[in-house]
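Let me begin by presenting the structure, written as structure tokens, before commenting on it.
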Amino acid sequence: MTDARPVRVRFAPSPTGPLHIGGVRTALFNWLFARHHQGKFILRLEDTDQKRTVPGSAEQLMGALRWFGLDYDEGPDIGGPYGPYVQSQRVDLYQQWAQWLVEHDYAYPCYCTPERLKQVNEEKEKRGEQSGYDRHCRNLTAEQRAAREAEGITPVVRFKMPLEGETVVHDLIRGQVTFENALQQDAVLLKSDGFPTYALAHVVDDHFMVISHVMRSNEWLPSLPLHWQLWDAVGWERPQFAHLPVLLNPNGKGKLSKRHAGFTQDGKQVLVLAKEFMDAGYLPEAVVNFLTNIGWSIGDDSEFFPVSKTIELFDLARVNPADSVYPIEKLDWLNGMWIRSLENDDLARRLRPVLEAAGLEVNTDVLLKVTPLVQTRIKTLNDIVDMAGFFFREEFQPAASPDEVIQKKMDAESTRDALELAYDHLAVVSTWTHENLEAAMRALAEELGLKVGQLFGSLRVAVTGQQVSPPLFETMEIIGREESLRRVKLAADQVAAVE
RNA sequence: GGCCCCAUCGUCUAGUGGUCUAGGACGUCACCCUUUCAAGGUGAAGACAUGGGUUCGAGUCCCAUUGGGGUCACCA
């Protein structure tokens with residue numbers, strides 16, 4: 001890159017609803033690029049469509065970016081030297097430049113009604129021609145314009161696309177792309193409500209905000225010739241462009257969307273919204289790590305690494321131009337990797353709100369002891385509720401059925417006997433440590449001619465109420481002698497009832 | 001349909017003309033470890049879409065075909 005301008009990139013979403021994971025990815029790549037080059041990452045809100053703007057979504061969006069660690073240097077809520085960073089607050093600027101374009105014959109007012117536009121299209125279709133505006137108002141005389149104005153029609157402003165030749169654009173990821181001008185449209189720049197369209201607004205803003213690189217999803221590539229010509233018309237120095245590959249639906253069809261995402265093989269719903277990832281118990285580090293491995297690779301075969309490493313090595317040249325189905329199954333793996341990499345108190349700190357949200361009362365001492373036990377066993381933070389919620393429940397919930405206590409090749413009677421003997425042996429264990437407990441129970445299993453799996457299995461269900469749990473004796477150690485014994489007794493009685 | 005982009009295991013990817021009988025990861029399967037479940041260890045199956053060129057030599061370059069995606073708004 002020979003561009004000497006300081007790196008300034010932006011993420012420019014429109015606050016029209018919840019943030020999509022694809023948006024997070026676009027933001028992430030911009031952020032990585034900025035951080036790698038010690039440049040600035042800017043957040044700009046593109047709220048020029050009054051009808052679609054939904055209140056509160058801007059705040060949610062900013063919250064999500066922060067949750068993912070994508071801090072911006074300039075933005076709506078923090079300001080900056082080139083503000084305001086909300087397009088609805090810059091309408092005068094766009095109108096001024098729309099006016100300038102008209103005065104310099106790069107654009108023209110168009111008085112056509114939506115009805116006429118629709119009619120033109122239908123007729124063209126009937127004749128088998130390409131659809132599109134017929135440029136009816138492009139060559140109106142001053143008198144004709146005056147007449148329309150006199151009728152009280154508020155025009156839109158359309159760009160005068162060159163009628164001949166071609167526009168050769170340059171994309172950092174794909175190289176040169178050539179478009180035929182005759183096939184382009186005279187796009188609307190300023191709507192009749194006085195607000196600009198994306199084409200005008202982003203060019204004006206990118207210029208006045210001194211944006212050096214425009215990195216956006218490749219859905220924008222087809223409109224690049226229009227933007228390219230617009231930059232030429234106003235005569236400003238163009239930023240460099242990079243059109244990022246998009247995320248595709250895992251179920252095969254189309255770009256990733258809430259509507260069509262579907263379910264994975266194991267029946268889990270495919271997550272699409274940023275908030276869904278936040279709520280599902282994923283670590284921001286894991287989601288960021290996950291996203292960096294799609295369409296970009298670090299180059300050395302590793303896939304689990306901190307974002308600091310990504311910043312260090314991030315390079316647009318390594319961005320894969322092909323779209324990709326997002327490998328959602330890797331997220332669980334990466335999340336597990338990240339969970340296992342956390343220090344105990346850090347993991348405990350993140351686990352606490354999950355337990356509290358499930359209505360459990362969290363004792364810090366217990367949590368700190370439970371955390372290492374679940375660390376290799378949970379894929380998401382939320383998994384702790386099912387795996388170890390019993391540590392924090394007010395009242396013990398025994399297994400739903402005594403059948404769960406009874407292990408294979410055993411019956412109610414032998415199980416009850418084993419449990420009662422276990423009770424006696426546990427009651428006299430010298431010091432209540434998991435080592436002592438395990439030694440005592442192994443001895444008992446041998447004495448009874450049971451496999452450890454049989455005895456331990458019954459005890460596990462007795463003590464935890466679950467077939468799957470953290471290691472049995474560590475669990476009993478945390479629960480304590482009295483409560484453990486009570487539960488063993490309870491299970492023995494429960495089994496006895498079916499004899 | 002027009003235009004544009006893209007094309008390596010099921011999926012994410014490495015691969016920038018010879019080191020590719022194509023490497024890694026997730027997932028899957030098997031075995032080991034093991035008190036359940038995980039984690040961990042070992043191993044297995046699994047891909048250059050097709051057809052033409054260019055070249056001494058092509059996964060890598062060119063063309064076509066096929067397939068996929070995007071886009072054709074007074075939405076971004």
Side-chain angles (χ1 to χ4, degrees), chain A residues 12-16 46-49 51-52 110 112-114 117 121 125 128-133 154-158 171 173-174 177-180 183-185 187-193 195-199 201-202 216-225 243 245-246 248 250 252-255 264-266 290 293-304 317-318 320-334 336-337 340 374-379 383 387 407 438 441-442 445 451-457 459-461 464 466-473:
Chain A
S14 55
T16 52
E46 310 222 327
D47 60 342
T48 55
D49 188 340
K51 291 185 283 291
R52 292 205 314 151
C110 168
C112 295
T113 61
L117 260 26
N121 258 332
E125 202 168 311
E129 292 173 21
Q130 252 344 102
S131 64
Y133 179 54
T154 314
V156 301
V157 173
R158 285 184 185 271
D171 178 86
I173 295 171
R174 288 147 232 278
V177 183
T178 304
F179 294 86
E180 212 176 310
L183 266 20
Q184 305 301 314
Q185 297 286 311
V188 170
L189 300 178
L190 197 68
K191 298 180 270 188
S192 55
D193 64 3
F195 279 78
T197 58
Y198 173 81
H202 94 277
R216 75 243 287 194
S217 120
N218 72 15
E219 304 157 329
W220 291 107
L221 193 54
S223 56
L224 221 207
H243 289 85
V246 299
L248 266 23
K253 285 295 159 207
K255 65 174 176 175
T264 58
Q265 285 176 329
D266 55 350
F290 167 70
N293 286 324
I294 307 172
W296 182 82
S297 71
I298 200 161
D300 69 354
D301 280 350
S302 62
E303 296 193 25
F304 170 64
R318 286 195 71 82
N320 182 165
D323 294 343
S324 48
V325 166
Y326 83 118
I328 190 69
E329 67 283 352
K330 273 195 183 182
L331 178 58
D332 279 345
W333 167 70
L334 271 174
M337 293 289 279
R340 272 168 258 138
V374 299
Q375 189 159 27
T376 60
R377 277 166 249 268
I378 54 175
K379 289 214 173 310
D383 288 344
M387 175 63 67
Q407 299 299 298
E438 180 169 352
M441 290 301 99
R442 277 187 189 281
K451 295 197 165 176
V452 289
Q454 294 175 299
L455 210 216
F456 293 8
L459 283 170
R460 178 184 313 284
V461 178
T464 68
Q466 305 175 174
Q467 312 250 31
V468 173
S469 80
L472 177 59
F473 302 109

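We name chains A, B, ... by the order of the sequence lines, and we start the count at 1 in each one. Values below: every heavy atom of this structure, side chains too, minus hydrogens, waters and symmetry copies.
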Over all strands shown, is [X] touching base, sugar-phosphate only, or nothing at heavy-atom distances under 4.0 angstrom?
{"X": "A:T48", "answer": "sugar-phosphate"}
{"X": "A:K451", "answer": "nothing"}
{"X": "A:Q130", "answer": "base"}
{"X": "A:G295", "answer": "sugar-phosphate"}
{"X": "A:P196", "answer": "sugar-phosphate"}
{"X": "A:F179", "answer": "sugar-phosphate"}
{"X": "A:S192", "answer": "base"}
{"X": "A:P245", "answer": "nothing"}

Residue met sooner reading RNA chain B from 5', once A:D47 and A:P327 are mapped to nucleotides: A:P327
Between A:E180 and A:E303, the residue closer to the 5' end of RNA chain B by nearest nucleotide is A:E180
I'd like to know if A:T376 reaches the base of B:A39 with its side chain, counting only an N/O donor and acceptor under 3.5 Å. no
Hey, is the side chain of [X] poking within less than 4.0 Å of OP1 or OP2 on [N], counting only N and O atoms?
{"X": "A:S302", "N": "B:A25", "value": "no"}
{"X": "A:R318", "N": "B:G15", "value": "yes"}
{"X": "A:K379", "N": "B:C26", "value": "no"}

Between A:N218 and A:D323, is any pair of side-chain heavy atoms under 4.5 Å apart? yes
Any side-chain heavy-atom pair from A:D49 and A:F195 closer than 4.5 angstrom? no
Side chain of [X] - closest among [options]:
{"X": "A:K255", "options": "B:C26, B:G70, B:C75", "result": "B:G70"}
{"X": "A:V325", "options": "B:C75, B:C12, B:A39", "result": "B:C12"}
{"X": "A:S324", "options": "B:U13, B:C74, B:A76", "result": "B:U13"}

When rounded to the nearest Å, what value does the distance between [atom1] atoms of [N] and [M] take?
{"N": "B:A25", "M": "B:G43", "atom1": "P", "result": "11 Å"}
{"N": "B:C61", "M": "B:C48", "atom1": "C1'", "result": "15 Å"}
{"N": "B:G70", "M": "B:A64", "atom1": "P", "result": "23 Å"}
{"N": "B:C62", "M": "B:C26", "atom1": "C1'", "result": "35 Å"}

Just verifying a value: how many Å separate [X] [atom1] and [Y] [atom2], rounded to the nearest 0.5 Å?
{"X": "A:N293", "Y": "A:L334", "atom1": "CG", "atom2": "CG", "answer": "6.5 Å"}
{"X": "A:H202", "Y": "A:R216", "atom1": "NE2", "atom2": "CZ", "answer": "4.0 Å"}
{"X": "A:F179", "Y": "A:S223", "atom1": "CZ", "atom2": "OG", "answer": "8.5 Å"}

Anything under 30° is parallel, anything over 60° is perpendicular, the rest tilted; go ahead and classify A:F473 against A:F456. perpendicular
Whole-Å distance separating the CG atom of A:L334 from the C1' atom of B:U13: 13 Å
Rounded to whole angstroms, how far apart are CG on A:D301 and P on B:A22? 16 Å
Taking NZ in A:K191 as the centre, count heavy atoms belonging to other residues, nucleotides or ligands within less than 6.0 Å. Is the count above 12? yes
Is the CD atom of A:E125 crowded by more than 12 outside heavy atoms at less than 6.0 Å? no
Would you confirm whether A:D47, through its side chain, and A:P15, through its main-chain N or O, come within 3.5 Å as a donor-acceptor pair? no
What is the base-pairing partner of [N], counting Watson-Crick and G-U wobble geometry with both distances under 3.5 Å?
{"N": "B:G2", "result": "B:U71"}
{"N": "B:A7", "result": "B:U66"}
{"N": "B:A39", "result": "none"}

Is there any protein nitrogen or oxygen under 3.5 Å from a nitrogen or oxygen in nucleotides 5-8 of chain B, and what are the pairs?
from	atom 1	to	atom 2	distance (Å)
B:C5	O2'	A:R174	NH1	2.6

Does the side chain of A:R318 come under 3.5 Å of the side chain of A:S297 through a donor N or O and an acceptor N or O? yes
Are a donor atom and an acceptor atom from the side chains of A:S217 and A:E219 found within less than 3.5 Å of each other? yes
Tabulate atom names and distances for all N/O pairs under 3.5 angstrom spanning the protein and nucleotides 30-37 of chain B.
from	atom 1	to	atom 2	distance (Å)
B:U35	OP1	A:R442	NH2	2.2
B:U35	O2'	A:R460	NH2	3.3
B:U35	O2	A:R460	NH2	2.3
B:U36	O2'	A:Q467	O	3.4
B:U36	N1	A:R460	NH2	3.4
B:U36	O2	A:S469	N	2.8
B:U36	O2	A:S469	O	3.1
B:U36	N3	A:R460	NH1	3.3
B:U36	N3	A:S469	O	2.6
B:U36	O4	A:R377	NH1	3.3
B:U36	O4	A:P471	N	3.4
B:C37	O2	A:R377	NH1	3.4
B:C37	N3	A:R377	NH1	2.4
B:C37	N4	A:R377	NH1	3.2

